[in-house]
Amino acid sequence: MNRDPIQNLLNRICQQSDFATKHDAFVAETLECGGSYQAQAGNTFMIDLHGIRVLANSEANAHELWLRAANIQMRRLGGAA
C-alpha cells in the first residue's frame, strides 16, 4: 500500500465522482489528518490538505482544483524518483 497521503486520497476519489462523494472524502481526510476545508469570506472556498492549498469560487471548483494540483504533485514526485 502506498503510504503517501496525497496518493491515498487520490485513490479514494475519482475525478468523475459526484459532489457528495468528493465532499465526504475531503471532510473525512481533513478530520483524520488535519488541514482546512472551509468557506471563506467573499463566496470563496478553501481546501488546504497535505501541503496543497487551493482557493476557488465554489466548493465544487475547489474539489477540482485540489485534485488537479494533487495529480500534478504526484506526477512530479514520480518523475523525480
Side-chain angles (χ1 to χ4, degrees):
M1 176 185 230
N2 190 335
R3 294 180 185 228
D4 186 282
I6 296 171
Q7 187 62 58
N8 288 339
L9 184 56
L10 288 172
N11 291 343
R12 291 184 3 231
I13 303 174
C14 175
Q15 286 287 124
Q16 291 76 31
S17 295
D18 64 9
F19 176 85
T21 300
K22 291 176 183 175
H23 171 85
D24 291 349
F26 278 115
V27 169
E29 189 76 6
T30 301
L31 291 172
E32 292 171 11
C33 301
S36 295
Y37 183 89
Q38 60 189 342
Q40 303 288 298
N43 298 323
T44 58
F45 199 89
M46 180 186 68
I47 300 174
D48 186 358
L49 187 59
H50 301 311
I52 298 173
R53 178 185 288 181
V54 298
L55 190 63
N57 62 353
S58 72
E59 189 174 357
N61 285 345
H63 292 167
E64 298 309 314
L65 288 174
W66 194 95
L67 291 168
R68 188 177 311 144
N71 276 300
I72 291 168
Q73 177 72 10
M74 294 314 300
R75 281 196 299 272
R76 286 182 182 156
L77 291 174

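Values below: all heavy atoms of this structure, side chains included; hydrogens, waters and symmetry mates excluded.
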Nearest 0.5 angstrom please: [X] [atom1] to [Y] [atom2], how far?
| X | Y | atom1 | atom2 | answer |
| --- | --- | --- | --- | --- |
| Gln38 | Phe45 | CD | CZ | 7.5 Å |
| Asn61 | Thr44 | CG | OG1 | 11.5 Å |
| Arg12 | Phe26 | CZ | CZ | 9.5 Å |
| His50 | Ile6 | NE2 | CD1 | 7.0 Å |
| Leu9 | Met74 | CG | CE | 11.0 Å |
| Leu67 | Ile72 | CG | CD1 | 11.0 Å |

Testing the basics here: between [X] and [Y], what is the closest heavy-atom pair and its distance to 0.1 Å?
| X | Y | value |
| --- | --- | --- |
| Ala62 | Ala56 | N-CB, 3.4 Å |
| Ser17 | Ile13 | OG-C, 4.3 Å |
| Ser36 | Thr30 | N-CG2, 4.0 Å |

Check: Thr21/Asp18 side-chain N/O donor and acceptor closer than 3.5 Å: yes
Donor-acceptor contact below 3.5 Å, side chain Trp66 vs main chain Ile52: yes
Asn43, CG atom: more than 12 neighbouring heavy atoms under 6.0 Å: no
Working for salt bridge (Lys or Arg N to Asp or Glu O under 4.0 Å), residues Lys22 and Glu59: CA-CA 10 Å; Lys22 291 176 183 175; Glu59 189 174 357; over 6 Å; no
Can you hop from [X] to [Y] via hydrophobic side chains spaced under 4.5 Å?
| X | Y | answer |
| --- | --- | --- |
| Leu49 | Leu77 | yes |
| Met46 | Val54 | no |
| Phe19 | Val27 | no |

Proximity of Tyr37 and His23 rings by center, below 6.0 Å: yes
